[in-house]
Structures are given as C-alpha cells and as structure tokens.
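Take a look at the structure below.
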Amino acid sequence: MISRQPLKARTTEEVLGLISALAVAIFAVIIIALLYFGRDILVPVALAILLSFVLAPLVAQLQRLRAPRGLAVVSVVVLAFVVIFTLGSLLATQLTQLASELPSYQSTMSNKIQSFRDTKAGRGTLERASDMLKDLGKELDKPKEPEAARAPSGGLRTSSPSAQAPIPVEVRQPDPGALDSLRTLISPLIHPLATTGIIIIFVIFILLQREDLRNRLIRLAGSSDMQRTTAALDDAAYRLSRLFLTQLAVNGAFGVVIGTGLWFIGIPSAILWGILAAALRFVPYIGAVIGAAFPLALAAAVDPGWSMLIWTLVLFLVVEPLVGHVIEPMVYGRSTGLSPVAVVVSAAFWTALWGPIGLVLATPLTVCLVVIGRHVESLEFLDVMFGDRPALSPPEIFYQRMLANDPTEAAGKAEEFLKERSLIAYCDEVAVKGLQLAQADADRGALAVDRLATIRDSVAELTADLSDQTDGPLPKSESISDPETASAVDGLVTNQAGDTIPVLARDRLAEEWQSEQPVLCVAGRTPIDEAAALLLAQLSSAHGLGAKVSGAESLSTANVIKLEPAGVAIACLVYLGNSGVAHMRYSVRRLKRRLPRASVMLVCCAADVDQDAAKGLQEATKADLVAASMGEAVRMCVEAAQAKASQHTSLVREPPAAVA
C-alpha cells in the first residue's frame, strides 16, 4: 500500500508571491506580443526617438547661436535627411555600376575555379562531388513511369493504343493598362515612403516638444519622486546621445578608412563598400564580418591573381581589431553600461521581433532598459541581467569565493585591488565586510561547522598567497583590468589612511618589539573570528611587525596557560560578531593574567560597532586599547611600537652627566 502525504497548505505570502509571479509573466507576454504585432508603428517611432537623440545636440548648438527653436529643428532635420538620401542615392548608383560590370568578372572566376580544379587535391575532391551531384540530379529528373505502362507481377510493359499525348495549354494575361503599370511601379515604394514620412514627422515633433514630453513622462512615472524620475531621464538621454554620437563618429571614420583602402587596392565601387562597412558596424559582432565578405568576394572575382584578395583581407584584419579593441574602449569608456552577454541576447531578441531593424536598434533599446532598471526599484532585475556592473558586491564576491574554497581567485582580485588601494583598505572594505556576511549567516544558523572551517582555511590560504605584499607607497604605473575589482575601487570612499601608516624596520623598534612575532592575534570565539585574526596578522606583518595567530580554543582555562608570553608585546583579541560583553571581559582578563607585560587590544569589527561603542567596550572589558577596524588596530600597534622606539632611542642617546 502506498500512502500519500497530505498537501502542505501554502501561506498567504507564498500565494501572493505565486500570483505576483504569474501576473509578471502574463504582463511580459502581453508586452512582447504588442512589440511584435505593432512593429509597423513602433519601429518608425523607435527610429525617430533614437534619431532625435543624435540631432538634439545640434539643435541645442543652433539655439545657442540665437536661432529660433522651430528654425533650428527644421534645419537640422532637413540636413540630416538630405545626407541620408544622398548616401542612399550614392549607394544606388554604385550598385547599378557594379551590376553592369559583373559579367566581365565571370571569366576571371571561371579561370580561378579551373586552376583550382587542376590541382591534385582540388581535382579529386571537386570531381567526386560533381559526379555525385550529377547522379543525384539524374535520379531526381527521371520521369515517373505511368501505372498503365507497368506489367503486372513483373511482366513486360505493354503500350495502350488508346493512350494519347497531353495537349499543351498556355494561359496568357492581357496587356496591363496604364493604371495597372503605375500601380505596379508605386506599390513597392509606398511602405518605405510612408515609414520615412512618419519618422520625419515624429523627429520634428519630438525635438520641438522635448521639454513637454519629458514633463509628461515625469507625470506618468510619478511626480511624487521627481528626483529619481528626472535622474533616470537625464541618465538615459546622456547615455544614448553619447552612445549614438560616438558610434556615428567611430563607424563613419571606419567606413572612410575602409573605402579609401579599397580604392587604393583597386576594388570596384570602393565608396559602396565603405558606406556598407560603416553601416554594418552598427550591428554587433557579425556586422564587420558581413561588411568584409562582399569586398573579399569581389576582390577574388576581379583580380586574376590573389594579391588583391590578400591585401583586402589584410586591410580588414588590421583596421577592424584596431578600431574594436583600441579606439572604441578609449572613446566609449563605460558609456553603454551593457555586459557582452546582454548585447548578444538583446540582438537575438530584437531581431526576432523586428527583423534587421531590430538588430540595429538592439543595443540602444537595451541601454534604455538598463537605465530604467538602475532608477526604478521594481525593475532592478533589468540592470542585474543586462548591466555591466557586477551582480555581487565586492564583499559578497569575497564571501562566495571563501565558501567555494577558491582563495586563488580571491588572491588574484586582491592583487588587482592593490594596484589602486592599500592592503588595509582591502581588508577593511572587502575582506572584513565579507566575513561579516559570513558571521551573520552563522548567527542565524545557516552555516554548518564544516563550512565555518572551510572559510577559515580559505582565508589562511589567501593570507599565505598575499604574504609577499607590503603596504608601502602605491604603484601608479599599472591599471586595473578586472571589471569587478574596478567596481570595488570606484565604490570605495576615498580613504588614504592606510597609506599614512609607515612600514617599520625591525632595527628601529624597541627591544620588546624586536622579537620575531611581537603581535599575538587571538580569535575571540568562532572560526570566523580566527579568519579575521589571520587578516590582522597579515596586516601587521606587512607593516614590519611579525605576528602569530591563536584559535579561540586557546582562551579556555585549560589552554590559556599554554600561551607563550616570551616575545609578545601586544595581544589583539579579535571579534567579528556580537559575542557579548561578558565573554570579551573574561577573555581580556585571562590574557592579562597570562601576558602581564603585554598590552591587550580588543579588536571588535562588528558591523554595528562605531567609535562611541568602542569606548564603551573599553570601559566594560578593561582592555588597554580598543579598535573598531583592522586599519585602526594596525595604526595603534605601529604607534605603540614607534613610541617605544623613540623612548628607547632617547634613553640611549642621552649624554652622560658630568663628573664633579
């Protein structure tokens, strides 16, 4: 017998979540359907909006020259479409000329194919393929035998005397009249002309009513949060204007270089291929390949040899990587805000909806979605999915790498970080905050014991990988290449406190600080505290103070006597979580009893501990020193060592008293 478990009743929150997810899915399907079935109207409107972003700076420039707004808008729009129509007519002329010259290239291609067939490898391969295609063609073209002509049971075929050949019938249409000829001529032009007219009208309307449209969008989005809505619109306008203008300039220059190079090489209709190369570069990834395919095919057809084809290939292989990997990163910077995956996905999505026009509009439309996602909280998933900003914050990335037991990648990102910031800044702003996330998960019981041990061991390996890093003056010759690390550096508040803490030489320290490990870092209670103690020991060593680490078990009554007091100048008791004042006080007391000659510092790096709370902890725990961050703890250690060293130096250099 199989017993069925009763279905678990869902809570009200779960039901509301399911209903909300279903509503979002239905809404998304409706939006996609509207985009697909309304493409005849939406495509011209989208083109007009994007073209208005390109022309808006020109209109603003004319207005600065005291031109009336209406005159400036009409002049710019007329000039833009005159340029577009001129390029279109030039393309048509070049295509007509090329079509008239194509028959003259047929003999060149035939000779090249024949020369390829004459080679040993080419002859065998082509002849076998040709014979196979011919045999297949004969089988397909063989007429089907009529049933009456077949003898039953495999007998001989017999012919029926009554069978007659079919009579061919030819249907002729009457000659079209003048009206039909005119309709046939105009029909293909109606749709492009109508689309162009709609685009022109919308561009003029948008440029004339730009402020009014912005105010209406603010009203629709909600005038109660005017600051956020205005910021979103300004951000979108700035990004799109900069994107289109830079793309137009870069792709136009690319087309000029390609057209000029093809003209020098001798490719026919070089102007056509230059314009085509510039236009196709607006299509991400595959546009440049398509733009190079046509000149390469024409070079192979025109030149009896192979030199023209080779030079054309070299031209594209040199210019395209130079523009794509050198010029574009310098010009664009981070203006688009899209990840590479977003570019590919958006290109596929908009092409499926709107065809080739959607492929060209994919990047700017996705930029609009990303900007909306950055400013509208309910649509933040758009920025996460398509934006170029890291999905996780630097502390979250650090925590995830420690959980995954991958300290090597974390060390690589730390080395990138150290090109711009100090080691103290990395520990305080990235590593410690990542460990605070781990401590929060541990406090709510989400981390098992083995996970805590994994985090501790990963941090130990990370500090070993960074053991050769010092915290001296930062090098300025290298730049950050990792986007996640660059985001971490940009997101930090400018703080050069770590740069002002000197790296001490051992011979400049007092005698009690000149031992191999004058700093003892003791974990407060958990393996996460021990991981933080490892980071503090790494920072102390980077500033010239050797350090050693003891786990939380060393604070027990049975183990505290095992601590070796010799050579310890200061004991740092490290806490990341809220372990309670009583635990801290008893731990400080035990360390003072075991290390009577050493200072005891309480390092409490919990998220809710500030300077005022640190003073309260010092009074409650009777610690000699209290620090609320790693940088502050290192600074106190260095200042103590320097103070001891200065006192020791003054005593040594004091001149002896005169003998009476």
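Note that the structure is a prediction, hence the values are computed from the model and not measured. As a basis for the values below, the full set of heavy atoms in this structure was taken, side chains included, without hydrogen atoms, waters or symmetry mates.
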I'd like to check [X] versus [Y] (side-chain heavy atoms, cut-off strictly below 4.5 Å). Are they in contact?
{"X": "M601", "Y": "C637", "answer": "yes"}
{"X": "S629", "Y": "V432", "answer": "no"}
{"X": "L591", "Y": "L563", "answer": "yes"}
{"X": "W350", "Y": "T366", "answer": "yes"}
{"X": "T454", "Y": "L403", "answer": "no"}
{"X": "I455", "Y": "P527", "answer": "no"}
{"X": "V323", "Y": "R281", "answer": "yes"}

- Message: By the definition side chain to side chain contact (heavy atoms under 4.5 Å, CB included), identify the one residue from S554, S550, C572 that meets it with L520.
- Response: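 That would be S550.
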
- Of I570, V568, L536, L539, which is the lone residue that meets side chain to side chain contact (heavy atoms under 4.5 Å, CB included) with V519?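 Among the candidates, only I570 passes.
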
- Task: Return the minimal non-hydrogen interatomic distance between V549 and A537, and the atom names on each side.
- Result: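 For V549 versus A537, the nearest heavy atoms are CG2-CB, 3.6 Å.
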
- How close do L535 and T463 get, heavy atom to heavy atom, and via which atoms?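 Distance-wise, the nearest heavy atoms are CD2-CG2, 4.0 Å.
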
- Under the side chain to side chain contact (heavy atoms under 4.5 Å, CB included) test, residues paired with S587 that sit two or more places apart: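 Per chain and number, S587 pairs via side chain to side chain contact (heavy atoms under 4.5 Å, CB included) with L555, L573, Y575, H583.
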
- Message: Taking side chain to side chain contact (heavy atoms under 4.5 Å, CB included) as the definition, give me every residue that meets it alongside A623, ordered by chain and number, with sequence neighbours left out.
- Response: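 A623: side chain to side chain contact (heavy atoms under 4.5 Å, CB included) contacts with V588, L602, T621, V626.
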
- Show your working on side-chain contact (heavy atoms from CB on, under 4.5 Å) between K592 and D624 and close with a plain yes or no. CA-CA 10 Å; K592 284 188 172 183; D624 298 322; 3.5 Å; yes

- Message: For L452 and T526: C-alpha separation, side-chain torsions, deciding distance, then whether side-chain contact (heavy atoms from CB on, under 4.5 Å) applies.
- Response: CA-CA 8 Å; L452 295 175; T526 66; 5.6 Å; no

- Are more than 12 heavy atoms from other residues, nucleotides or ligands located less than 6.0 Å from atom CZ of R635?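 Correct, the count exceeds 12.
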
Nearest-0.5 Å distance, [atom1] of residue [X] to [atom2] of residue [Y]:
{"X": "L423", "Y": "S541", "atom1": "CG", "atom2": "OG", "value": "10.5 Å"}
{"X": "D441", "Y": "Q436", "atom1": "CG", "atom2": "CD", "value": "12.5 Å"}
{"X": "L595", "Y": "R597", "atom1": "CG", "atom2": "CZ", "value": "11.5 Å"}
{"X": "S422", "Y": "E429", "atom1": "OG", "atom2": "CD", "value": "9.5 Å"}

- Task: Could you note down all residue pairs passing salt bridge (Lys or Arg N to Asp or Glu O under 4.0 Å) where residues 395-405 supplies at least one of them, sequence neighbours left out?
- Result: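 Residue pairs with at least one partner in residues 395-405: R401-D406, R401-E409.
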
- Message: Donor-acceptor pair, distance only, cut-off 3.5 Å: does the side chain of R456 make one with the backbone of E530?
- Response: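 Flag not set: sc R456 to bb E530 has no pair under 3.5 Å.
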
- Query: Judged by atom type as modelled, is there a donor-acceptor pair below 3.5 Å linking the side chain of D529 to the main-chain atoms of L576?
  - Reply: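 Indeed, once roles are kept as given, a pair shorter than 3.5 Å links the two residues.
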
- Go through the steps to decide whether T557 and R590 satisfy the test side-chain contact (heavy atoms from CB on, under 4.5 Å), and finish with yes or no. CA-CA 8 Å; T557 306; R590 290 171 185 172; 3.8 Å; yes

- Message: Working note: D428 + E632, criterion side-chain contact (heavy atoms from CB on, under 4.5 Å); need CA distance, chi angles, decisive distance, verdict.
- Response: CA-CA 10 Å; D428 276 334; E632 188 178 359; over 6 Å; no

